[in-house]
Amino acid sequence: MPDPKKLFIKTYGCQMNVYDSERMAEAMGGEGYVVTDRADDADMILLNTCHIREKAAEKVYSELGRLKPLKEARPDLRIGVAGCVAQAEGAEIIARQPLVDLVVGPQSYHRLPELARRAGQGARAVDTDFPEEDKFERLARPRAAHGPTAFLTVQEGCDKFCAFCVVPYTRGAEVSRPADRIEAEARALAAAGVRELTLLGQNVNAWHGRTEDGTEGGLAALIRRLAAIEGVERLRYTTSHPNDMDDALIAAHGEVPALMPYLHLPVQSGSDRILKAMNRKHTADAYLRLVERIRAARPDILLSSDFIVGFPGETDADFEDTLALVRAVGFGASFSFKYSPRPGTPAAERGNQVPAEVMDDRLQRLQALITSQQRAAQDGMVGRTVEVLFEKPGRLPGQMVGKSGHLHAVHVLAPEAIRGQIRPVRITESGPNSLGGEVAA
Ligand code: SAH
Ligand code: SF4
Ligand code: F3S
């Protein structure tokens with residue numbers, strides 16, 4: 001047997017890229033590659049990239065700059081760019097970056113081994129097609145679990161075309177994977193020791209497919225089916241669009257114990273004028289009413305959201321509407337970003353861009369409010385006993401860390417043997433980004 005070749009993958013962006021990187025590693029396993037965590041002894045380096053904001057895309061080019069000496073020292077090294085930058089700028093990358101040997105878009109990962117073979121023979125290979133054949137059917141099923149939690153892509157792509165967003169162009173049209181294949185993957189993961197599955201999709205709650213009795217169903221039906229699998233104790237899903245939260249899914253939050261009380265439901269802005277300009281197709285009030293219905297089904301649910309500040313045309317009054325919405329909802333966590341004009345998106349062409357210093361100021365104010373809400377949600381856990389799924393050792397000796405149902409990181413002093421177990425923990429302290437507690441008897 002020859003020594004296995006080594007593959008180093010660097011992953012940027014969202015959770016779907018994390019899932020995709022594992023699939024690519026498995027596909028290359030069939031070509032005799034094993035994964036290494038060091039770029040400097042790899043035979044192949046893959047950058048799995050993100051195009052969502054300008055900063056994210058720039059990281060790829062600066063990383064390629066850092067890899068240059070490595071490639072010069074070892075001309076046999078193969079360098080590939082995958083992910084959303086690959087999809088958006090494929091031909092340009094090959095033209096501008098002589099050290100890149102292959103470029104592969106998210107819908108072509110099943111063709112990676114073939115591309116790598118061509119690159120190995122000295123050709124520079126690009127594949128950014130949206131092929132007819134089913135990528136997932138041709139990609140290997142997950143072979144090994146990397147701990148008690150796992151991602152599972154159930155839906156990919158987006159048909160919503162928010163005016164700021166590149167995802168519909170980089171990931172393509174909305175596609176739902178068939179329920180049978182999702183169930184088979186979930187069973188394999190559970191058998192490998194996974195206790196918590198996070199179902200992924202750019203618009204995960206737009207998932208639809210045939211359910212067991214042959215009728216069409218939505219994400220709620222899929223969740224009920226997966227919750228019935230032995231070993232699957234916890235389910236989450238991300239990311240959802242408010243307009244696809246149907247009655248059945250809301251009801252599932254009250255009725256399926258495995259469905260965890262945390263929901264990421266991005267609203268982006270609290271101003272109807274801006275929501276309209278963003279092409280979000282919902283109002284602030286519709287979002288607030290939806291939150292009420294979700295909380296009626298599951299009163300203890302924690303909600304989180306994404307926000308964009310400084311979308312073209314956003315006035316002080318629009319921004320105040322966003323702050324008012326945040327105060328009205330009370331989020332358990334949130335992510336906020338300065339608007340970043342993306343090539344090819346409608347909003348990037350608009351004239352009324354917001355000055356950088358105004359954006360900075362708004363971002364700071366919004367983040368201060370979000371942080372205070374996040375701290376309040378965490379502080380409210382002190383004194384309560386919550387179930388924690390333990391994932392790994394903590395920073396300090398003897399410490400183990402896991403996640404509560406509300407997705408709070410919780411650390412305790414406990415033996416490593418509790419890894420993979422769900423244990424009740426009495427919360428005793430709330431820190432900036434995590435909770436501390438004691439495993440209850
Ligand atoms: N599919 C998900 C995630 C999209 S990207 C969804 O629909 O929510 C994650 C977040 O990045 C978005 O929710 C949005 O808040 C932010 N984002 C997307 N495009 C952006 C842009 N051009 N500038 C700044 N933030 C952006
Ligand atoms: Fe982007 Fe909007 Fe689709 Fe989310 S719903 S991926 S923000 S276009
Ligand atoms: Fe980024 Fe693509 Fe995910 S643009 S956020 S890696 S879908």
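All values below come from the heavy atoms of this structure, side chains included, with hydrogens, waters and symmetry mates left out.
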* To do: Could you verify whether a donor N or O on one side chain and an acceptor N or O on the other, from Gln367 and Ser336, lie under 3.5 Å apart?
  => yes
* Asked: How are the rings of Phe311 and Phe164 set to each other: parallel, tilted or perpendicular (split at 30° and 60°)?
  -> perpendicular
* Asked: Where do Val326 and Gln373 come nearest, in terms of heavy atoms and distance?
  -> O-NE2, 2.9 Å
* Donor-acceptor contact below 3.5 Å, side chain Gln378 vs main chain Gly431 -> yes
* When you check the gap from the basic side-chain N to the acidic O, do Arg171 and Asp20 get nearer than 4.0 Å? -> yes
* Give a yes or no on whether a salt bridge exists between Glu185 and Arg181, defined as a side-chain N under 4.0 angstrom from a carboxylate O. => no
* Side chain Thr345, main chain Cys165, donor-acceptor under 3.5 Å -> no
* Before accepting this row, confirm whether a basic side-chain N of the pair Arg289/Glu292 lies closer than 4.0 Å to the acidic partner's carboxylate O. => no
* Asked: Are the ring centres of Phe161 and Tyr169 closer than 6.0 Å?
  -> yes
* Asked: In terms of side-chain geometry, is the basic nitrogen of Arg224 or Glu255 positioned less than 4.0 Å from the acidic oxygen of its partner?
  -> yes
* To do: Would you mind checking if Asp180 and Arg210 are paired as a salt bridge, meaning a charged N to carboxylate O distance below 4.0 Å?
  => no
* To do: Mark yes or no for whether Arg78, through its side chain, and Asp101, through its backbone, hold a donor-acceptor pair below 3.5 Å.
  => no
* Which atoms form the tightest heavy-atom contact between Asn433 and Ala409, and what is the distance? -> O-CB, 4.3 Å
* Val194 and Gly147: which non-hydrogen atoms are nearest, and at how many Å? -> CG2-O, 3.6 Å
* Asked: Under 3.5 Å, side chain of Arg124 to main-chain N/O of Ile94, donor-acceptor pair present?
  -> yes
* Check ion pair Arg66-Glu63 (N to O, under 4.0 angstrom) -> yes
* Donor-acceptor pair, side chain of Asn205 and main chain of His241, under 3.5 angstrom -> yes
* Using the side-chain contact (heavy atoms from CB on, under 4.5 Å) rule, take Lys6 and Val34 through it: C-alpha gap first, then chi angles, then the decisive distance, then the call. => CA-CA 5 Å; Lys6 290 186 186 141; Val34 295; 4.2 Å; yes
* Under 3.5 Å, side chain of Asp306 to main-chain N/O of Ile308, donor-acceptor pair present? -> no
* Asked: Just checking, is any N or O donor in the side chain of His110 or Asp134 under 3.5 Å from an acceptor N or O on the other one?
  -> no
* Looking only at heavy atoms, what is the nearest atom pair of Val104 and Leu102, with distance? -> CG1-CD1, 4.0 Å
* Greater than 12 external heavy atoms within 6.0 Å of Glu230's CD -> no
* Between Phe307 and Phe331, does the ring centroid distance fall short of 6.0 Å? -> yes
* Asked: Is it true that the side chains of Thr11 and Asn48 contain a donor and an acceptor less than 3.5 Å apart?
  -> no
* Apply salt bridge (Lys or Arg N to Asp or Glu O under 4.0 Å) to the pair Glu114 and Arg117, showing each step before the final yes or no. => CA-CA 5 Å; Glu114 162 66 22; Arg117 260 175 259 142; 3.4 Å; yes
* Asked: Quick check: are there more than 12 heavy atoms from other residues, nucleotides or ligands sitting under 6.0 Å from CZ of Arg395?
  -> no
* **Arg298 with Asp300: basic N within carboxylate O range, under 4.0 Å** => yes
* Arg74 bridged to Asp41 by N-O distance under 4.0 Å -> no
* Asked: Between Lys338 and Glu54, is the closest basic N to carboxylate O distance under 4.0 Å?
  -> no
* Structure fact -> Correct closest heavy-atom pair for Pro106 and Lys135 would be O-NZ, 2.8 Å
* Do Lys5 and Asp76 sit within salt-bridge range, that is, some charged N less than 4.0 Å from a carboxylate O? -> no
* Asked: Can Glu156 and Tyr19 be counted as having a side-chain donor-acceptor contact under 3.5 angstrom?
  -> no
* **Gly231 to Arg195 - nearest heavy-atom pair and separation** => O-NE, 2.9 Å
